[in-house]
Asks: 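Okay, handing you the structure first.
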Amino acid sequence: MDETLNASRPYNQLISHEEATEDDYTFSSNSENQVTVSALRPESSIDHSKLLKVGLGVFALILLVVNIGLGVYYNKLTANNIVRDISGEITKLQASYDAAVQSRDEARKQLAMEIREQQVTKWELAHLNVRVKDYEKKVEKIQLDTVALRSHLLMIKEGCRHCLPGWTFMSSSCFYFTFSDTVSRVSWNGARQSCKRLGGDLAIINSREKNIGITSLISSYQDPSRAMIHSGFWIGLTDEEEEGVWKWLDGTRLTEGFWNPGEPNNVNNEDCAAVYPKSNPFTSWNDAPCNFNLKWICEMAPTSLR
């Protein structure tokens, strides 16, 4: 009975720690420990597994977030680097482009300057060519004048024995030429009066030799800047008495004339004749109005024949 009661007491009653005996306490402690170990060990294993799983999950989540953050940061960093690289390349390209444009503009300016200088050189060359041609003409004229003067000096030297000073001996006659620029041009009648004051009259060119000599001499004194119409010299030939009938001042009728082609044409009442400095002495005559102003040629007989 007691054993039965003792056996059932752990389950049917509570024992205080003061009242319990050492055996009771030992038994109870062992019993409680057994119950605790046997009852709590599976539940504790489950809790630890859950905690481990949760921890691993949280850790994985943290790693995922960190990974995503690192990826985003890496992408941003990479994008920033690419942008910086592209910006740097663009800056370099812009600088190269600006330098190329500047070089192009400078080359254009240099080219324009060289073109202007080349144009100036062309103008200067053209100017020099004109001057060279002018000098060549002047040299040619000087040479012709020298030849004419030499021949004229011979005629003057010969004329010193036969003609008055200032007169030229040619074709057995003495001739006076108004070459000087100080002598004004006058009408045909004015020229004749001047010759008479000098003791002669307007020249009579009634031979081939006279015409060639006189034309050659006046051509050597021709001024190229003067118009041909003002370069003539009055001679003693006129058709004032009868139109178309040309007579010399000594009354003889013209038999051989050395007219320019188409002359005499009596345009504007041209009744007086003049000789002009022509390279072809056989076309050196022209008719002109008697009141037109020209130089003139006087003629007189040599002193030995007077």
Side-chain angles (χ1 to χ4, degrees), residues 132-159 163 165-188 190-192 194-195 198 200-238 246 248-249 254 256-265 270 272-289 292-300:
V132 167
K133 291 180 180 179
D134 290 340
Y135 289 145
E136 289 176 350
K137 290 180 180 178
K138 290 179 179 179
V139 169
E140 184 179 358
K141 186 177 183 303
I142 291 172
Q143 291 174 346
L144 292 175
D145 290 345
T146 302
V147 173
L149 287 172
R150 285 176 178 174
S151 62
H152 200 183
L153 286 174
L154 293 175
M155 289 186 288
I156 292 175
K157 182 179 180 180
E158 184 66 22
C163 304
W167 291 68
T168 301
F169 185 75
M170 184 171 54
S171 298
S172 301
S173 291
C174 295
F175 293 93
Y176 180 80
F177 296 87
T178 54
F179 291 127
S180 176
D181 290 334
T182 61
V183 178
S184 300
R185 293 172 178 79
V186 296
S187 65
W188 187 85
R192 186 176 187 189
S194 177
C195 289
L198 293 175
D201 208 338
L202 287 174
I204 295 176
I205 309 177
N206 55 2
S207 70
R208 171 182 177 274
E209 290 74 16
K210 276 188 178 182
N211 187 68
I212 292 176
I214 288 174
T215 303
S216 176
L217 189 58
I218 65 175
S219 294
S220 64
Y221 283 92
Q222 180 189 8
D223 185 356
S225 64
R226 183 178 295 123
M228 182 62 69
I229 192 173
H230 299 296
S231 299
F233 291 78
W234 290 125
I235 58 176
L237 183 65
T238 178
W246 291 88
W248 295 107
L249 292 179
L254 177 66
E256 182 182 8
F258 304 99
W259 299 103
N260 194 46
E263 304 294 339
N265 55 18
E270 298 173 336
C272 295
V275 61
Y276 289 81
K278 298 285 290 293
S279 57
N280 183 358
F282 297 98
T283 61
S284 58
W285 292 6
N286 196 3
D287 59 343
F292 197 68
N293 294 329
L294 292 174
K295 295 293 185 73
W296 62 96
I297 303 172
C298 299
E299 183 181 5
M300 69 166 54

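Throughout, numbering of the chain's residues begins at 1 and tracks the sequence. Source: prediction; values computed, not measured.
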Asks: To the closest 0.5 Å, what do you measure between OG1 (Thr238) and CH2 (Trp188)?
Replies: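 Thr238 OG1 to Trp188 CH2: 5.0 Å, rounded to 0.5 Å.
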Asks: Kindly determine whether Phe179 and Ile218 satisfy side-chain contact (heavy atoms from CB on, under 4.5 Å), including the steps that lead there.
Replies: CA-CA 8 Å; Phe179 291 127; Ile218 65 175; 4.0 Å; yes
Asks: Could you measure the distance from the CZ atom of Phe258 to the CD1 atom of Ile212? Nearest 0.5 Å is fine.
Replies: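 That separation rounds to 7.5 Å.
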Asks: On the 0 to 90° scale, with breaks at 30° and 60°, tag the Phe177-Phe175 ring pair as parallel, tilted or perpendicular.
Replies: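 Taking Phe175 first and then Phe177, their aromatic rings sit tilted (interplane angle of 30° to 60°).
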Asks: To the nearest 0.5 Å, what is the distance between CG (Asp201) and CH2 (Trp296)?
Replies: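 Answer for the CG-CH2 pair, Asp201 versus Trp296, is 13.0 Å.
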Asks: Who passes salt bridge (Lys or Arg N to Asp or Glu O under 4.0 Å) against Lys295, sequence neighbours left out?
Replies: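 Partners of Lys295 under the salt bridge (Lys or Arg N to Asp or Glu O under 4.0 Å) test: none.
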Asks: If you define the side chain from C-beta out and look only at heavy atoms, does anything of Trp167 sit under 4.5 Å from Cys298?
Replies: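 Heavy-atom side-chain distance check passes, below 4.5 Å.
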Asks: Is there side-chain contact between Met228 and Pro277, with heavy atoms separated by less than 4.5 Å?
Replies: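 Met228 vs Pro277: side chains touch.
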Asks: Any heavy-atom pair between the side chains of Thr168 and Cys174 that's under 4.5 Å?
Replies: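 No, side chains not in contact.
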Asks: Can you check whether Gly213's main-chain N or O pairs, donor with acceptor, with Ser216's side chain at less than 3.5 Å?
Replies: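 Not a single qualifying donor-acceptor pair exists.
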Asks: If you compare all heavy atoms of Ser279 against all heavy atoms of Pro281, which two are closest, and at what distance to 0.1 Å?
Replies: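 Heavy-atom minimum between the residues: O-CD, 3.3 Å.
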Asks: Residues two or more places apart in sequence or in another chain: which of them pass side chain to side chain donor-acceptor pair (under 3.5 Å) with Trp285?
Replies: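 Side chain to side chain donor-acceptor pair (under 3.5 Å) check on Trp285 returns Asn211.
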Asks: My understanding is that only one of Ile235, Leu237, Leu294, Asn286 makes a side-chain contact (heavy atoms from CB on, under 4.5 Å) with Val275; could you say which?
Replies: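 Single pass found, and it is Ile235.
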Asks: Could you check whether any side-chain N or O of Ser173 sits under 3.5 Å from a backbone N or O of Phe169, counting only pairs where one atom can act as donor and the other as acceptor?
Replies: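 Flag not set: sc Ser173 to bb Phe169 has no pair under 3.5 Å.
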Asks: Going by heavy atoms in the side chains, are Glu209 and Met170 under 4.5 Å from each other?
Replies: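 Side-chain contact under 4.5 Å: no.
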Asks: Taking atom CG of Asn265 and atom CG of Asp287, what is their separation to the nearest 0.5 Å?
Replies: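 Answer for the CG-CG pair, Asn265 versus Asp287, is 5.0 Å.
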Asks: Take Phe282 and Thr215 through the test side-chain contact (heavy atoms from CB on, under 4.5 Å) and record every step on the way to the result.
Replies: CA-CA 9 Å; Phe282 297 98; Thr215 303; over 6 Å; no
Asks: If you measure from CD on Glu299 to CD1 on Ile214, what distance do you get to the nearest 0.5 Å?
Replies: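 Here the interatomic distance stands at 7.0 Å.
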Asks: Could you tell me which non-hydrogen atom of Ser171 sits nearest to which non-hydrogen atom of Lys210, and how far apart they are?
Replies: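 Closest pair (atom of Ser171, atom of Lys210, distance): CB-CG, 3.7 Å.
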Asks: Before giving the answer on side-chain contact (heavy atoms from CB on, under 4.5 Å), spell out for Trp234 and Thr178 the whole-Å C-alpha distance, their side-chain angles and the decisive distance to 0.1 Å.
Replies: CA-CA 10 Å; Trp234 290 125; Thr178 54; over 6 Å; no
Asks: Any idea which heavy atoms bring Gly166 and Tyr176 closest together, and the distance?
Replies: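 Taking every non-hydrogen atom into account, O-CD1, 3.5 Å.
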Asks: Which atom names give the shortest non-hydrogen contact between Ile204 and Leu249, and what distance separates them?
Replies: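 Smallest heavy-atom distance, with atoms named: CD1-N, 4.4 Å.
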Asks: List the steps, then state whether side-chain contact (heavy atoms from CB on, under 4.5 Å) holds for His230 with Phe292.
Replies: CA-CA 9 Å; His230 299 296; Phe292 197 68; 3.9 Å; yes
Asks: Quick one: does Thr283's side chain get under 4.5 Å of Pro261's, heavy atoms only?
Replies: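 SC-SC contact between Thr283 and Pro261 confirmed.
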